[in-house]
Every structure is written in C-alpha cells, then in structure tokens.
Amino acid sequence: VNEELSTFFYVPVGTMMLAIAFPAILLPTPNRLITNRWITIQQWLIQLIMKQLLSIHNTKGLSWSLMLITLTLFIGLTNLLGLLPYSFAPTTQLTVNLSMAIPLWTGTVVPGFRYKTKISLAHLLPQGTPMFLIPMIIIIETISLLIRPVTLAVRLTANITAGHSLIHLTGTATLTLSSIHSMTITVTFVTVILLTILELAVALIQAYVFALLISLYLHENA
Amino acid sequence: MLSRVVLSAAATAASSLKNAAFIGPGVIQATRIFHTGQPSLAPVPPLPEYGGKVRFGLIPEEFFQLLYPKTGVTGPYVLGTGLILYFLSKEIYVITSETVSGAALAVLVIYAVKKYGAVIGQFADKLSEEKIARLEEFKQSCIRYAEDGIDFEKEKQAVVQKRHYLFDVQRNNIAMAFEVAYRERLHTVYREVKNRLDYHISVQNMMRRKEQEHMINWLEKKVVQSISAQQEKETIAKCIEDLKLLAKKAQAQPVM
C-alpha cells in the first residue's frame with residue numbers, strides 16, 4: 001500500500017509504449033471489399049457498437065464519431081490484452097486514463113460554455129427546485145461537473161487494477177493452497193469465474209464512452 | 001496463428017522501417033527508398049480459402065515438416081515435452097500466479113473456441129455472403145434496367161419503321177375529306193345554279209301560260225261576241241237533229 005499520491009504516477013514507460021502500440025496489429029485495414037473472417041467480424045462489431053453510440057447525435061455531434069470509435073477500440077483491446085498472462089494493461093495506470101479523460105471532457109464542456117453560455121449554465125440548476133435550495137444545488141452541480149474527468153479516469157483505473165489484483169491474488173492463493181491441501185483446486189474455478197467477469201472489462205469501455213457521450217450530448221444540445 | 005501475422009507484418013514493415021529511428025532527420029530524407037517496383041493495388045489477389053495448418057492451434061505444420069527428416073514423426077513432440085519439463089525442473093520458468101491465471105484463461109479460450117468457433121466462422125461467412133448478394137442484386141438490377149431500356153428502344157425503333165403506314169392512312173383520309181368537300185361544294189353550286197335556272201324557266205312558263213290564257217279568253221270573248229242570234233239558232237237546231245240520229249243508233253245497239 002503506497003501512502004504518497006505521487007506513487008500513482010510512476011509509470012513503466014518502455015512496457016507502456018509496447019502495450020499501447022500492440023493492439024493496432026489486431027485491427028487490420030482492409031484493402032478489399034469482401035474481407036477475411038477476422039476483419040468481417042471486427043467490422044460487424046464496430047457497426048453494432050457504434051450504431052448504439054452515435055444514434056443520439058445530430059450532424060454536428062457526429063464529427064466526434066472517429067474519436068469515439070478509436071476510444072472504444074483502444075480501451076477495449078488494451079483491457080482484453082491485459083488479461084493475458086505476463087502482459088501489461090496501460091489502462092491500469094492513472095496517467096493514461098487521466099490523459100484520456102481530461103482533454104476529452106474539456107473538449108465537450110469548454111465549447112459549450114463558450115458558444116452557448118446561458119444554456120450551459122442553466123444545466124447547473126434542475127427545474128423545479130425550491131428557492132432556498134438554489135445556492136446549495138448550484139455549488140453541488142458545479143462540483144459534480146468539474147469532477148467528471150477525475151471520475152472517468154479513476155473509474156477505469158480502479159476497475160481494471162482491481163480485477164488484475166484479484167486475479168493475481170487468487171492465483172497465488174491457489175498455488176499456496178495446492179501444497180497445503182490440493183483438493184482446493186476449486187479455487188481455480190473461482191479464478192476462471194473471475195476472469196469471465198473481468199472480460200466484462202470490455203463493458204467498461206461502454207461505461208467510459210457512454211459517460212463521455214452523455215456529457216457530449218448534454219453540451220452539444222446546450 | 002499470430003506468428004504468421006507477425007512475420008508478414010514484419011516483412012511489410014521491415015522495408016519501411018529500414019530508414020527508421022536512431023538516425024538523424026536529414027539522413028532519413030536523403031536515404032529514403034522510394035517506390036522502385038511497380039506496385040499495383042488492383043486487382044487485389046484473391047484471399048486463400050483456408051488458413052495455414054496448425055497443430056494444437058499454435059504450432060505450424062511447417063515446423064513438423066522441418067524436423068521430420070532428422071527425427072521422424074515423434075521428434076517435435078519429444079522436443080516440446082523435453083523443453084517444458086526442462087524449463088519447469090530447472091525453474092527457468094517459475095510457476096507463479098500468472099501461471100494459474102494463464103491456465104484459467106487457456107481453459108476458457110479453448111472451451112470457447114471449440115464450442116463457438118465454427119459458429120462464429122459461419123456467421124462471418126454469412127455476413128460476407130450477404131454483402132456479396134446485395135452487391136450482386138444491385139448489379140443485376142442495373143443490368144436488367146439497361147436491358148429493359150434496350151428493349152424499349154428497339155421497340156420504339158421498330159415502331160418508327162412502320163410509321164409510313166400511319167402517314168399513308170392519314171394522307172388517304174385527308175384526300176378523301178378533300179374529295180368529299182369538293183363534291184359537296186360542287187353539288188351545292190349545281191343546286192344553286194339549277195335553282196336560279198328553274199326560277200327563270202318557271203317565270204317563262206308562267207308568262208307563256210298567262211299569255212295563252214289571256215289570248216284564249218280574248219279569242220273566246222271575241223268569238224262569242226261575233227256569234228249573231230241567227231247563227232245561234234241554226235246551230236242549236238242542227239245539234240238537236242244530230243242528237244236524234246245518235247239516239248236512234250244507240251237504241252239499235254245493245255248497251256254493254
């Protein structure tokens with residue numbers, strides 16, 4: 001357990017470069033219309049996810065679509081590849097997630113405040129609040145707005161890191177227990193189940209991008 | 001498997017990475033290798049039907065073929081087993097928690113691939129086939145549209161060839177209409193002229209009749225005036241005698 005905040009920002013740079021660059025190999029660019037199975041399934045999956053994701057945007061919001069697709073694919077692939085043994089998931093590092101979250105969140109909020117100031121400010125106060133609550137609510141909404149990038153980053157970091165830690169700990173427990181009482185191989189089944197749940201890390205991409213998307217939506221229409 | 005992907009990716013990347021990092025910027029520009037071959041992007045070469053053959057889903061067949069002349073069929077297996085046992089026993093490969101998680105992942109992946117691999121492959125093939133069918137349908141509909149256009153055009157051309165019949169009929173109709181109008185007018189003229197001539201004739205006839213009657217009346221009047229009383233008596237007596245003679249003759253003959 002580390003006491004200092006700075007220990008959150010120690011990063012293994014070399015491994016990180018490899019781990020961030022590698023997923024690109026798994027996403028080939030087709031140079032033909034009818035592709036092999038790998039690319040066909042990728043295209044189908046991307047279409048499926050993106051239709052959901054981009055359906056609520058107007059034309060102006062759709063200029064974000066490439067960014068969102070890239071985000072989804074990157075986070076999803078890096079999370080999945082981090083599940084392999086002896087691999088590294090860059091999304092376990094707070095630096096990576098913060099450097100994704102802060103610019104993206106800022107890119108949605110700041111244009112909203114700049115071009116549609118009144119509407120953006122109006123979002124800080126829900127309709128129909130009693131008069132005496134207004135100052136409190138505005139303070140609370142401002143804080144919740146400003147803390148969004150931190151929540152986005154920390155959510156992703158905590159989820160992935162916790163999953164990885166659990167797997168490692170359960171694996172170590174399995175090994176230790178196998179010399180003590182080898183019938184506890186059922187623990188490996190617990191590991192298996194944990195892995196299955198962790199593969200829902202892919203769903204976290206949805207959480208990430210959806211959160212981003214919702215803020216985008218709010219500020220695009222604002 | 002991925003080894004082949006890496007090898008092919010490395011082969012394509014190697015030529016572009018020849019002048020990559022660790023050299024000064026000017027050197028890169030000076031020594032850049034431009035296209036020396038004649039790469040052509042179309043037509044794209046066809047995809048192979050099946051992937052490369054692998055054993056255990058990991059090791060390509062070529063490896064087994066490589067070792068076959070020296071060690072026969074069991075060579076690679078003995079090598080594999082020996083290597084694994086060597087690494088384990090000498091603790092070159094240490095069993096850690098990563099081993100356990102790797103084993104769990106392997107179980108999951110093998111289970112998923114065995115159970116759903118073919119299904120997913122068929123699904124991907126179906127997607128491709130649907131795409132091809134859509135494009136083919138579009139192509140066929142374009143061809144059909146063009147063929148329909150051709151047939152329509154040919155039909156119209158054939159109709160144009162037969163247009164002269166229509167023109168002849170129309171010409172005939174018009175000629176007949178002219179003829180009829182001409183005759184009608186002729187008849188009208190004839191009738192009008194005849195009318196006027198009849199009028200003149202009837203005027204002449206009437207004049208002559210009137211003159212005749214007038215003359216007859218005048219003559220009668222004059223004759224009657226010229227008959228004296230004596231002549232009248234003599235004529236009447238003669239008539240009575242003729243009548244008596246006729247009566248006698250009539251009595252002699254029977255009445256029919």
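All values below come from the heavy atoms of this structure, side chains included, with hydrogens, waters and symmetry mates left out. Below, read A as the first sequence line, B as the second, and so on, with proteins coming before strands; counting in each chain starts at 1. For clarity, every value in this text was computed on a predicted model and none was experimentally measured.
Summarising the geometry, atom OG belonging to B:Ser97 is positioned 7.0 Å from atom CG belonging to A:Leu175; distances are rounded to the nearest 0.5 Å. Note that OG1 of B:Thr99 and OH of A:Tyr86 are 4.0 Å apart. Values are rounded to the nearest 0.5 Å.
More than 12 heavy atoms of other residues, nucleotides or ligands sit less than 6.0 Å from atom OH of B:Tyr93. Around OH of A:Tyr115, the count of heavy atoms belonging to other residues, nucleotides or ligands within 6.0 Å does not exceed 12.
Interface residue A:Leu84: backbone and side-chain heavy atoms are both found under 4.5 Å from chain B. Proximity to chain B involves both the backbone and the side chain of A:Leu33, based on heavy atoms less than 4.5 angstrom apart. Residue contact with chain B, scored on non-hydrogen atoms closer than 4.5 Å, involves the backbone of A:Thr35 exclusively. Both the backbone and the side chain of A:Thr172 come within less than 4.5 Å of a heavy atom of chain B.
Minimum interatomic distance between B:Leu47 and A:Ile34 (heavy atoms only, all atoms of both residues): CD1-O, 3.9 Å.
Options A:Thr40, A:Thr170, A:Asn36 differ in how many heavy-atom pairs under 4.5 Å they form with chain B, and the most are formed by A:Thr40.
Near-neighbour residues of residues 126-141 of chain B relative to chain A, defined by a heavy atom under 4.5 Å from a heavy atom of that chain, comprise B:Leu127, B:Ser128, B:Lys131, B:Ile132, B:Leu135.
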